[in-house]
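Comments concern the structure below.
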Amino acid sequence: MGVTKEQVQASLTSKLSPVHLEVIDTSGGCGASFVVEIISEQFEGKRLLERHRIVNAALEEEMKEIHALSITKAQTPQQWKPISQDSATTPTTEA
């Protein structure tokens, strides 16, 4: 059997200490395709391409068996919080 969602989560958690991590197995359970959303302080000062390389490096062993990895979000906690706070504090207007 291929890589499990739990293996991907464990590797990313131990190597990148994310404040938020979501891993979805999009392969139907065979472990060949994953979607990742990760928020980590280790991305501070890094461009998007560098962040993706960091994630790929953290999954070096797993990538030997993964055929597709989609990183939908790779942000710092500071970038992530304003987005979640904006949606929570958006005022509603009444007509």
* side-chain contact (heavy atoms from CB on, under 4.5 Å) between Val55 and Phe43, intermediate numbers included -> CA-CA 10 Å; Val55 172; Phe43 297 145; 3.8 Å; yes
Output, in order, the C-alpha distance, side-chain angles, deciding distance and verdict of side-chain contact (heavy atoms from CB on, under 4.5 Å) for Val36 and Thr72.
CA-CA 6 Å; Val36 173; Thr72 58; over 6 Å; no
| query | What's the verdict on side-chain contact (heavy atoms from CB on, under 4.5 Å) for Val3 and Phe34, showing C-alpha distance, side-chain angles and the deciding distance? | reply | CA-CA 10 Å; Val3 177; Phe34 293 92; 4.3 Å; yes
- Apply side-chain contact (heavy atoms from CB on, under 4.5 Å) to the pair Glu37 and Leu21, showing each step before the final yes or no. CA-CA 6 Å; Glu37 180 176 293; Leu21 175 62; over 6 Å; no
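Atom CD of Glu50 sits in a crowded spot, with more than 12 heavy atoms from other residues, nucleotides or ligands closer than 6.0 Å.
Here the straight-line distance linking atom CD of Gln79 with atom CD of Glu44 works out to 7.0 Å at 0.5 Å rounding. Residue Lys73 holds its NZ atom at 12.5 Å from CG of Leu48, rounded to the nearest 0.5 Å. Here the straight-line distance linking atom NZ of Lys15 with atom OG of Ser40 works out to 13.5 Å at 0.5 Å rounding. To the nearest 0.5 Å, the span separating CG on Asn56 from CZ on Arg53 amounts to 9.5 Å. Once rounded to the nearest 0.5 Å, the distance linking CG of Leu59 with CG of Leu12 reads 4.0 Å.
In terms of modelled atom types and a separation under 3.5 Å, the side chain of Gln7 and the main chain of Thr4 share a donor-acceptor contact. Under a 3.5 Å cut-off, the side chain of Gln42 and the backbone N or O of Arg51 do not form any donor-acceptor pair. A distance-only check finds a donor-acceptor pair linking the side chain of Ser27 to the backbone of Gly31 [under 3.5 Å].
Residues Leu16 and Ile71 share a single hydrophobic cluster, defined by chaining ILVMFWY side chains whose heavy atoms lie under 4.5 Å apart.
Put simply, the residue from Glu62, Glu61, Glu6 that forms a side chain to side chain contact (heavy atoms under 4.5 Å, CB included) with Ser11 is Glu62. Partner of Val19 under the side chain to side chain contact (heavy atoms under 4.5 Å, CB included) criterion, chosen from Ile39, Ile38, Thr76: Ile39.
The closest side-chain heavy-atom distance from Ile24 to Lys5 is not below 4.5 Å.
In this structure, Thr26 and Ser33 approach most closely via the heavy-atom pair OG1-OG, 2.7 Å.
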